[in-house]
Amino acid sequence: MFILQVAVVLATVAISAGVFVWVGTGQLVREAEATALAIARSVAEDPDVRADVAEWSADPGTPSATELADGPLETVAENVRVRTGALFVVITDDQGIRLAHPNPDELGETVSTSPDVALAGREDVSWERGTLGDSARAKVPVLAPGAAPGSTDDVVGEISVGFAASTVFDTLGDEIAPVVIGALAALGVGVAASILIRRRLRRLTLGLQPEELRALVQDQEAVLSGVGEGVIGLGPDDRITVCNDQAARVLGVTDAVGHTLDELGLPADFRALVRGDGAEQQLLLNGRVVFIDVRTVSRDGAHLGRVVIVRDRTDVEALSRKLDAVNAMTTALRVQRHEFANRLHAISGLIATGEHDQAERYLADVLNHGPLKYPVEHADRLTEPYLQAFLGAKGIEASEKGVLLTIGAETLVTGRVVAAEDVTTVLGNLIDNAVAAAVAGQVSPAWVEVEVLDDGADLYLSVMDSGNGVDAREEVGDRAEPDPDAVHGLGFGLPLSRDIARRSGGDLWLASRGVPGEHGAVFCVRLPGAVEPDRPARPDIPNEGTP
């Protein structure tokens, strides 16, 4: 790069100097031609010259060099040449025969360059080569005595005056010297500037060469575009220098490059984490569960900034919660199968011993109360097998924490659950949060009430607890910074549940923040398409849940 800079400076100076020399040379040539023209005009206006040339032109013969050598025209031409320093002053007749010439041997000969322009009555200036070499010359017509100026019919000869190249350019050296000195000075300044620029570029690029910078840019683009995680680069002043599409999507920003974190209005917890010690942490950002990993970047002891890795784990977290719910469901079904097998053995024994009436009464009791005795109050209000088994499993978990799970009086499900994973995830998250709130509420006995109602293909869920309710500062699944003192929304269950509900066209909302002394928070959910109905939808039940 340094060599390239010096070459550019050298070429610029050389071109500038060359243009100046070319312009100066042309100006000198034009000045010599103008001087030659002025001299030729003066000689052509001399009455004696006009008379002598007209006399020779009237003679049809060709004069000899001897006759012309001592003639008046030769004398005049030579005197003018000596006084003006011209290379030659040549006089010809109307046939182009030399009547005066610096070289006596050329007298009486035809001129070497065409006299047609001058003999046609027009003046001519040019740079031509003749018998005496290259010269800037002017040719002027000689008119007959008494002819009107500008006449083209009374031309009797021509005057040709020329200045040698050495004479024209004798001052060129003096004029070029300042240019050469200036060019060398400019070249020196350019080289010095190139050296300074080179040193600055080395500092700015940390000593990397252009090909290394190109490789870095290519690698950066490949990495930033190829990874599925968000990548943010921050300079030493916390100004964003790199932000790939995934990071912009998770953060919910556009045109982030060139702005600081504060200017983009990012959440306070995110900014604090980025400026912290770099430990990987999980937080809720724009309704997404993300992991933030911050790494400090330095080179040769210089702090270059930070790299922030943003991993969107919303889908993973949702899948994990679904798997937990499925695991709980599987355990409940396994217990139910074992208990159901025991009931079948009892019925088989009664039939085998002939106790048919007792067997019928036993079967009727199983049909009325279900095959299992879960620690769920009013479990008989829910007859849908999937929900019955799932709430039974949740009742076991709640009872282990000292909380009684109750099925509400408004529960009525006549259809069959078909969106099992969504229902399990949403209802499981709400029950887990309600159990945690009931335990934290320190109300004895602690309880959680669940109501389930279907309307056509829509499933409505309501979960209420005996806790202290929801603080006014809390948001339902929209908080970017979970409150450690809050119970509902402590983790990421509510945002995920709301996202699942909204994907199917439903919603999750807070129906009541709680009534002191009566109940805690009440959360409601509508899940469209979660049930395969056994009856048409009732028109008196709205399709949209309203907080």
Side-chain angles (χ1 to χ4, degrees), residues 29 32-170:
V29 171
E33 290 174 348
T35 302
L37 180 62
I39 296 172
R41 286 174 176 174
S42 298
V43 175
E45 291 296 328
D46 189 327
D48 295 335
V49 172
R50 294 173 64 179
D52 290 342
V53 172
E55 182 180 349
W56 283 107
S57 296
D59 187 355
T62 301
S64 65
T66 303
E67 295 176 304
L68 296 172
D70 297 327
L73 291 179
E74 177 70 10
T75 301
V76 171
E78 188 64 17
N79 291 337
V80 172
R81 185 187 71 80
V82 173
R83 288 198 308 270
T84 59
L87 175 64
F88 60 84
V89 175
V90 177
I91 303 175
T92 70
D93 61 10
D94 57 355
Q95 300 299 318
I97 303 300
R98 298 187 182 97
L99 302 178
H101 193 276
N103 185 0
D105 295 336
E106 299 291 337
L107 293 174
E109 301 292 335
T110 303
V111 293
S112 60
T113 58
S114 175
D116 294 342
V117 174
L119 295 179
R122 300 191 303 273
E123 296 177 345
D124 180 35
V125 291
S126 62
W127 181 276
E128 291 182 327
R129 173 181 288 274
T131 58
L132 299 178
D134 292 335
S135 62
R137 60 186 63 192
K139 297 178 182 180
V140 175
V142 178
L143 301 180
S151 174
T152 60
D153 296 331
D154 297 323
V155 177
V156 295
E158 72 159 346
I159 304 297
S160 178
V161 178
F163 286 90
S166 58
T167 304
V168 174
F169 301 125
D170 60 349

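No hydrogens, no waters, no symmetry mates; every other heavy atom, side chains included, goes into these values.
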Spatial distance of atom [atom1] ([X]) from atom [atom2] ([Y]) [nearest 0.5 Å]:
X	Y	atom1	atom2	answer
E158	D124	CD	CG	9.0 Å
R50	I159	CZ	CD1	11.0 Å
I39	R81	CD1	CZ	11.5 Å
L143	D154	CG	CG	7.0 Å

Nearest atoms (heavy-atom pairs only) where [X] meets [Y]:
X	Y	result
A51	P145	CA-CG, 3.7 Å
P141	A44	O-CB, 3.8 Å
L87	S135	CD2-CB, 3.9 Å
T84	F163	O-CE2, 3.7 Å
A36	A138	C-CB, 3.5 Å
P102	E78	CA-OE1, 4.0 Å

Is the backbone of [Y] close enough, under 3.5 Å, to the side chain of [X] for a donor and an acceptor to pair up by distance?
X	Y	result
D116	L119	no
R129	D134	no
E74	H101	yes

Q. Between E106 and R98, does a salt bridge (Lys or Arg N to Asp or Glu O under 4.0 Å) hold up when you go through it step by step?
A. CA-CA 7 Å; E106 299 291 337; R98 298 187 182 97; 3.1 Å; yes
Q: Evaluate the criterion salt bridge (Lys or Arg N to Asp or Glu O under 4.0 Å) for residue pair K139 and E128; output intermediate values, then yes/no.
A: CA-CA 12 Å; K139 297 178 182 180; E128 291 182 327; 3.7 Å; yes
Q. Heavy atoms, side chains only, cut-off 4.5 Å: are V156 and D93 in contact?
A.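 V156 does not reach D93 side chain to side chain.
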Q. Do V140 and V161 have side chains that get closer than 4.5 Å, going by heavy atoms?
A. no
Q.
Set out, in order, the CA-CA distance, both residues' side-chain angles and the distance that settles side-chain contact (heavy atoms from CB on, under 4.5 Å) for T92 and W56, then state yes or no.
A. CA-CA 9 Å; T92 70; W56 283 107; over 6 Å; no
Q: Kindly indicate, with the supporting measurements, whether the criterion side-chain contact (heavy atoms from CB on, under 4.5 Å) is fulfilled by R137 and F88.
A: CA-CA 9 Å; R137 60 186 63 192; F88 60 84; 3.8 Å; yes
Q) Given V80, which of I91, V43, T75 fulfils the side-chain contact (heavy atoms from CB on, under 4.5 Å) condition? A) V43
**Q.** Candidate pair D48 and V76, rule side-chain contact (heavy atoms from CB on, under 4.5 Å), full reasoning
**A.** CA-CA 10 Å; D48 295 335; V76 171; over 6 Å; no
Q. Can you list the steps and then say if L107 with L99 is a side-chain contact (heavy atoms from CB on, under 4.5 Å)?
A. CA-CA 6 Å; L107 293 174; L99 302 178; over 6 Å; no
